Each structure stands twice: as structure tokens, then as C-alpha cells.
Trainee: 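Have a look at this one before I ask anything.
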Amino acid sequence: MVGIDADFSDVDDFFQEGKTEVIAGMKEEGEMFVEDAKATGSYRDCTGHLRESNDYEVNEDGLTLKNEADYASFVESKGYEVAGSAAVRTEGRCKKRFER
């Protein structure tokens, strides 16, 4: 049997670089979601709280889009646009960007 001595440290660096690029891309998409949701909200935001509650989280598992106001889902249930359509548009952009 022949022994092979190989150094795969460059492979680890390659995967880490790819992971870093994906996370940076998800952060860009999260920022675009926040701006999109703020710009397209169809409700009257008297205090500014609802628009400022649009946010996102990025971790190794993916990108989470959210509006942290307790009443955001109630406002959307009344037919107003809060973050739902912006999330759908972000999902579409992410599919184009990351699924190949």
C-alpha cells in the first residue's frame, strides 16, 4: 500500500472564503430588505416605530427577515403592506444570487 501525504489547508481556506462571501451577500440582502420595507409600507406610521422595526439576522443557517413590532402582523392582516412583499422580493433576489 502506498502512503500519500497531502496538505489540504488551502481547501479549508477556500471554503472559509466562500462562507464569508455568502454571509456578506446575505447582509447586503438584509439591508436591502429593510430599505425596501420602509419605502413600500402602505400604512400611516404615526410614531415611526413600525418602519424602524424592520430588521434582519444573518447566521450560518441563513437570513431571517422580520419586523419586531408586536403589532406588525395585525397591521398586515388589515391589508396594509408592512414587510411581507419586501420579504418576498428579497427571497427572489436571494434565489437568483445564491442558487446556481
Side-chain angles (χ1 to χ4, degrees):
M1 190 172 206
V2 177
I4 298 175
D5 187 22
D7 177 13
F8 292 103
S9 62
D10 58 332
V11 174
D12 291 338
D13 291 343
F14 172 79
F15 283 114
Q16 183 59 43
E17 185 178 312
K19 185 174 160 182
T20 300
E21 286 180 27
V22 169
I23 289 174
M26 287 190 294
K27 287 179 180 179
E28 287 176 16
E29 294 296 338
E31 289 295 326
M32 289 193 298
F33 158 75
V34 169
E35 293 307 313
D36 185 5
K38 284 180 181 180
T40 60
S42 64
Y43 50 91
R44 186 170 159 231
D45 193 5
C46 297
T47 64
H49 179 69
L50 195 54
R51 278 195 172 78
E52 290 303 315
S53 295
N54 292 307
D55 201 6
Y56 68 95
E57 288 181 19
V58 173
N59 59 38
E60 291 184 10
D61 296 327
L63 172 63
T64 303
L65 308 173
K66 58 189 175 180
N67 183 298
E68 294 186 337
D70 294 336
Y71 54 95
S73 61
F74 174 77
V75 173
E76 281 211 338
S77 75
K78 296 298 180 185
Y80 294 100
E81 177 56 42
V82 176
S85 293
V88 170
R89 288 188 291 274
T90 302
E91 179 185 24
R93 285 193 313 271
C94 286
K95 284 184 178 187
K96 287 180 183 177
R97 185 174 190 165
F98 299 114
E99 291 181 4
R100 294 178 194 188

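What you see is a predicted model; the values in this text were computed from it and never measured.
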Trainee: If you look at every heavy atom in Val82 and Tyr43, which pair is closest and at what distance?
Mentor: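 Scanning both residues, the minimum pair turns out to be CA-CE2, 3.7 Å.
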Trainee: Is there a path of hydrophobic side-chain contacts, each under 4.5 Å between heavy atoms of I/L/V/M/F/W/Y residues, joining Phe33 to Tyr80?
Mentor: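 Not linked; separate clusters.
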Trainee: Which residues satisfy the salt bridge (Lys or Arg N to Asp or Glu O under 4.0 Å) test with Glu68, sequence neighbours excluded?
Mentor: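 By the salt bridge (Lys or Arg N to Asp or Glu O under 4.0 Å) rule, Glu68 matches Lys66.
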Trainee: Check the surroundings of atom CZ in Phe98: do more than 12 heavy atoms from other residues, nucleotides or ligands lie under 6.0 Å from it?
Mentor: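 Yes, because the 6.0 Å sphere around CZ of Phe98 holds more than 12 heavy atoms from other groups.
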Trainee: Nearest heavy-atom pair of Leu50 and Ala69: which atoms, and what distance?
Mentor: CD1-CB, 3.6 Å
Trainee: Test of understanding: with salt bridge (Lys or Arg N to Asp or Glu O under 4.0 Å), list the residues that count as partners of Glu81, not counting sequence neighbours.
Mentor: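 So Glu81 forms no salt bridge (Lys or Arg N to Asp or Glu O under 4.0 Å) with any residue.
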Trainee: Counting only heavy atoms from other residues, nucleotides and ligands, does the tally under 6.0 Å from CG of Asp12 exceed 12?
Mentor: yes
Trainee: For side-chain contact (heavy atoms from CB on, under 4.5 Å), just list the numbers for Ser85 and Thr40, CA-CA rounded to whole Å, side-chain angles, deciding distance to a tenth of an Å, and then say yes or no.
Mentor: CA-CA 9 Å; Ser85 293; Thr40 60; 5.8 Å; no
Trainee: For Asn54 and Ala83, work out which heavy atoms get closest and say how close.
Mentor: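 Nearest pair, atom of Asn54 first, then Ala83: OD1-CB, 3.6 Å.
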Trainee: Could you work out, with salt bridge (Lys or Arg N to Asp or Glu O under 4.0 Å) as the rule, every residue matching Glu31, not counting sequence neighbours?
Mentor: none
Trainee: Write down the atom of Cys94, the atom of Leu63, and the distance for their closest heavy-atom approach.
Mentor: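 Cys94 and Leu63 have their closest heavy atoms at SG-CD2, 4.0 Å.
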Trainee: Filter on salt bridge (charged side-chain N to carboxylate O under 4.0 Å, His left out), then keep only pairs touching residues 14-27, sequence neighbours left out; what's left?
Mentor: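 Residue pairs passing salt bridge (charged side-chain N to carboxylate O under 4.0 Å, His left out), neighbours aside: Lys19-Glu60.
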Trainee: Between Lys38 and Arg51, which heavy-atom pair has the shortest distance, and what is it?
Mentor: O-NE, 2.9 Å
Trainee: Partners of Lys95 by side chain to side chain contact (heavy atoms under 4.5 Å, CB included), sequence neighbours excluded?
Mentor: Glu91, Glu99
Trainee: Indicate the atoms forming the closest heavy-atom contact of Thr47 with Tyr71, along with that distance.
Mentor: OG1-OH, 4.5 Å
Trainee: Among residues at least two apart in sequence or on other chains, which ones pass salt bridge (Lys or Arg N to Asp or Glu O under 4.0 Å) with Glu76?
Mentor: none
